[in-house]
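Quick caveat, the model's predicted, so the values are computed rather than measured.
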Amino acid sequence: MITTDFVHGSPCWLDIGAPDVPATARFYGSVFGWEFQSWGSDPEAGEYGGFRLDGKGVGGIGPLTEKGARSAWMIYFKTDDADATAQAVERQGGTVRVPPFDANGWGRMAQFTDPQGGQFAVWQAGQQTTGMEVADQPGSLCWTELYTTDAAGAKAFYGGLFGWTTQDMPMPGDEEGTGGTYSLITPAGQPEERMHGGLMQLPAKDLSVNGGRPYWHPVFATADCDATVAKVTENGGSVQMGPEDAEGVGRLAVCIDPNGADFVVLKPSEM
């Protein structure tokens, strides 16, 4: 499960780059009940802000800043030293896309690309905030997932970078073991109940949402998967897969927002 008691390498924040911040904020507000809070604007880039659920921060939103970038969610993992992490990324064959910088006194952040092409970020907390204020509840982040073209390579990279351990299992509902392997991710030195995500190897042809390149996406908890999916489609989004039941996991659907950013909604089995 994801908690707000962040440890090294655990998910601690996420944000989305959008071509139209106000419109995108309205979409997610309609789907999850999030409230948009403006953090100001840049004359050239546009408006930045955060999403809040019952007064607690669940993520951020801002304009697309890279030429040719697609709208997508970015997942941030906790680090105590963003600069040291950037150096480690390069040593292990990754790329520093956005060098470490101070985020207006809130903390220090950087964005990277892993050797297979998956993009992610790190957050070094300042004194004012450590990251998201709610997790593993309806309307908040409950899981993270990496679709990659090289599972072994991804395990080696992130294991070396964050110390993650992985546990392989057959895909849910695949009794014969012919449908692929799903690898569960646990932060370094943490018990299994602190698992925060998974990774799965897929061929490039199945990664069309990102032009065939690996990518991370968030999984948001919901109390009613079908009702949430209805809100997605009613507000201009679409559904890539589901809703469907996954044995031992819950009822889930892969959704696409009006700008093409993908995310998953899940009603966990125990919820």
Open item on the list: Return the CZ to CZ distance between Arg70 and Arg213, rounded to the nearest 0.5 Å.
Closed with: 8.0 Å

Task: Shortest non-hydrogen contact between Ala86 and Val96, atoms and distance - done: O-CG2, 3.8 Å

TODO: Please report the closest heavy-atom contact between Trp216 and Gln119, naming both atoms and the distance.
DONE: CD1-O, 3.3 Å

Task: Pairing residues for Thr3 by the side chain to side chain contact (heavy atoms under 4.5 Å, CB included) criterion, not counting sequence neighbours - done: Met1, Asp5, Arg194

Open item on the list: Please determine whether a side-chain nitrogen of the Lys or Arg among Arg251 and Asp224 lies less than 4.0 Å from a carboxylate oxygen of the Asp or Glu.
Closed with: no

Task: Test item: Asn259 side-chain N/O and Ala261 main-chain N/O as donor-acceptor pair under 3.5 Å - done: no

TODO: Treat each ILVMFWY residue as a node, draw an edge where side-chain heavy atoms are under 4.5 Å apart, and state whether Val7 and Ile75 are in one component.
DONE: no

Open item on the list: Side chains of Asp15 and Tyr76 only: does a donor on one sit below 3.5 Å from an acceptor on the other?
Closed with: yes

Open item on the list: Would you say the rings of Phe27 and Trp34 are close, in the sense that their centroids are separated by under 6.0 Å?
Closed with: no

Open item on the list: For Tyr182, run the side-chain contact (heavy atoms from CB on, under 4.5 Å) check against Gln167, Met200, Gln201 and tell me which one passes.
Closed with: Met200

Open item on the list: Measuring only between side-chain heavy atoms, which start at C-beta, is Val249 closer than 4.5 Å to Leu266?
Closed with: yes

Task: Side chains of Met109 and Trp123 in contact at under 4.5 Å (non-hydrogen atoms) - done: yes

Open item on the list: For a quick test of reading the model, state the closest non-hydrogen atom pair linking Phe32 to Thr228 and the distance between them.
Closed with: CE2-CG2, 4.1 Å

Task: Arg52 side, atom CZ; Phe36 side, atom CZ - distance, nearest 0.5 Å - done: 12.5 Å

Open item on the list: Counting the benzene-type ring for Trp, do Trp164 and Phe157 have ring centres under 6.0 Å apart?
Closed with: no

TODO: With rounding to the nearest 0.5 Å, note down the distance linking OG1 in Thr166 to NZ in Lys155.
DONE: 4.5 Å

Open item on the list: So if I apply the side-chain contact (heavy atoms from CB on, under 4.5 Å) rule between Leu161 and each of Thr85, Val122, Thr79, which one comes out positive?
Closed with: Thr85

Open item on the list: Apply side chain to side chain contact (heavy atoms under 4.5 Å, CB included) to residues Phe162 and Ile185 and explain how you reach the verdict.
Closed with: CA-CA 11 Å; Phe162 294 124; Ile185 300 168; over 6 Å; no

Task: Proximity of Phe120 and Tyr215 rings by center, below 6.0 Å - done: no

Open item on the list: Walk me through whether Leu199 and Leu184 qualify under side chain to side chain contact (heavy atoms under 4.5 Å, CB included).
Closed with: CA-CA 7 Å; Leu199 65 86; Leu184 301 165; over 6 Å; no

- [ ] To the nearest 0.5 angstrom, please state how far the NE2 atom of His196 sits from the SG atom of Cys142.
- [x] 13.0 Å

Open item on the list: How close do Thr4 and Glu133 get, counting heavy atoms only, and between which atoms?
Closed with: CG2-C, 3.7 Å

- [ ] Considering non-hydrogen atoms only, spot the tightest contact between Cys225 and Ala253 and give its length.
- [x] SG-N, 3.9 Å

Open item on the list: If we ignore hydrogens and angles and just use 3.5 Å, is the side chain of Asp206 paired with the main-chain N or O of Leu202 as donor and acceptor?
Closed with: no

Open item on the list: For a 4.5 angstrom cut-off between non-hydrogen side-chain atoms, does Arg108 reach Asp83?
Closed with: yes

TODO: Determine whether Phe112 and Phe101 fall in the same hydrophobic cluster, where Ile, Leu, Val, Met, Phe, Trp and Tyr are linked whenever their side-chain heavy atoms lie under 4.5 Å apart.
DONE: no

Open item on the list: Check for me whether the distance between the ring centres of Phe51 and Trp13 falls short of 6.0 Å.
Closed with: no

Open item on the list: Measuring only between side-chain heavy atoms, which start at C-beta, is Met132 closer than 4.5 Å to Val58?
Closed with: no

Task: Close side-chain approach of Val232 to Ser238, heavy-atom, < 4.5 Å - done: no

Open item on the list: I'd like to know if Ile256 and Leu146 are part of one continuous hydrophobic network [Ile/Leu/Val/Met/Phe/Trp/Tyr, side-chain heavy atoms within less than 4.5 Å].
Closed with: no

- [ ] Run the ring-centre check on His8 versus Phe77 and record whether the distance is less than 6.0 Å.
- [x] no

Open item on the list: With side-chain hydrogen bond (donor to acceptor under 3.5 Å, both in side chains) as the criterion, how do Asp168 and Thr181 come out once you've worked through the C-alpha distance, each side chain's angles and the decisive distance to 0.1 Å?
Closed with: CA-CA 6 Å; Asp168 292 346; Thr181 299; 5.8 Å; no

Open item on the list: Looking at every heavy atom in both Pro187 and Ser10, which two are closest together, and how far apart are they?
Closed with: CG-CB, 4.2 Å

TODO: May I ask you to test the Pro203-Thr149 pair for a side-chain heavy-atom distance under 4.5 Å?
DONE: no

- [ ] Keeping the roles fixed (side chain from Gln37, backbone from Gly49), state whether a donor-acceptor pair exists under 3.5 Å.
- [x] no

Open item on the list: For a 4.5 angstrom cut-off between non-hydrogen side-chain atoms, does Thr186 reach Glu193?
Closed with: no

Task: Shared hydrophobic cluster, Met74 / Tyr158 (ILVMFWY, side-chain heavy atoms < 4.5 Å) - done: no

Open item on the list: side chain to side chain contact (heavy atoms under 4.5 Å, CB included), that's the test. Do Val264 and Cys255 meet it? Break it down for me.
Closed with: CA-CA 6 Å; Val264 176; Cys255 302; over 6 Å; no

TODO: Please assess Tyr28 against Ser30 for the test side chain to side chain contact (heavy atoms under 4.5 Å, CB included), listing each intermediate value before the final yes or no.
DONE: CA-CA 5 Å; Tyr28 285 101; Ser30 298; over 6 Å; no

TODO: Answer yes or no: is there a side-chain heavy-atom contact under 4.5 Å between Val134 and Asp54?
DONE: no

Open item on the list: Measuring from atom OG1 of Thr148 to atom CG of Leu207, what distance do you get when rounded to the nearest 0.5 angstrom?
Closed with: 8.0 Å

Task: SB check Asp226 Lys267 (cutoff 4.0 Å) - done: no

Task: Salt-bridge contact Lys78-Asp80 (side-chain N to carboxylate O under 4.0 Å) - done: yes

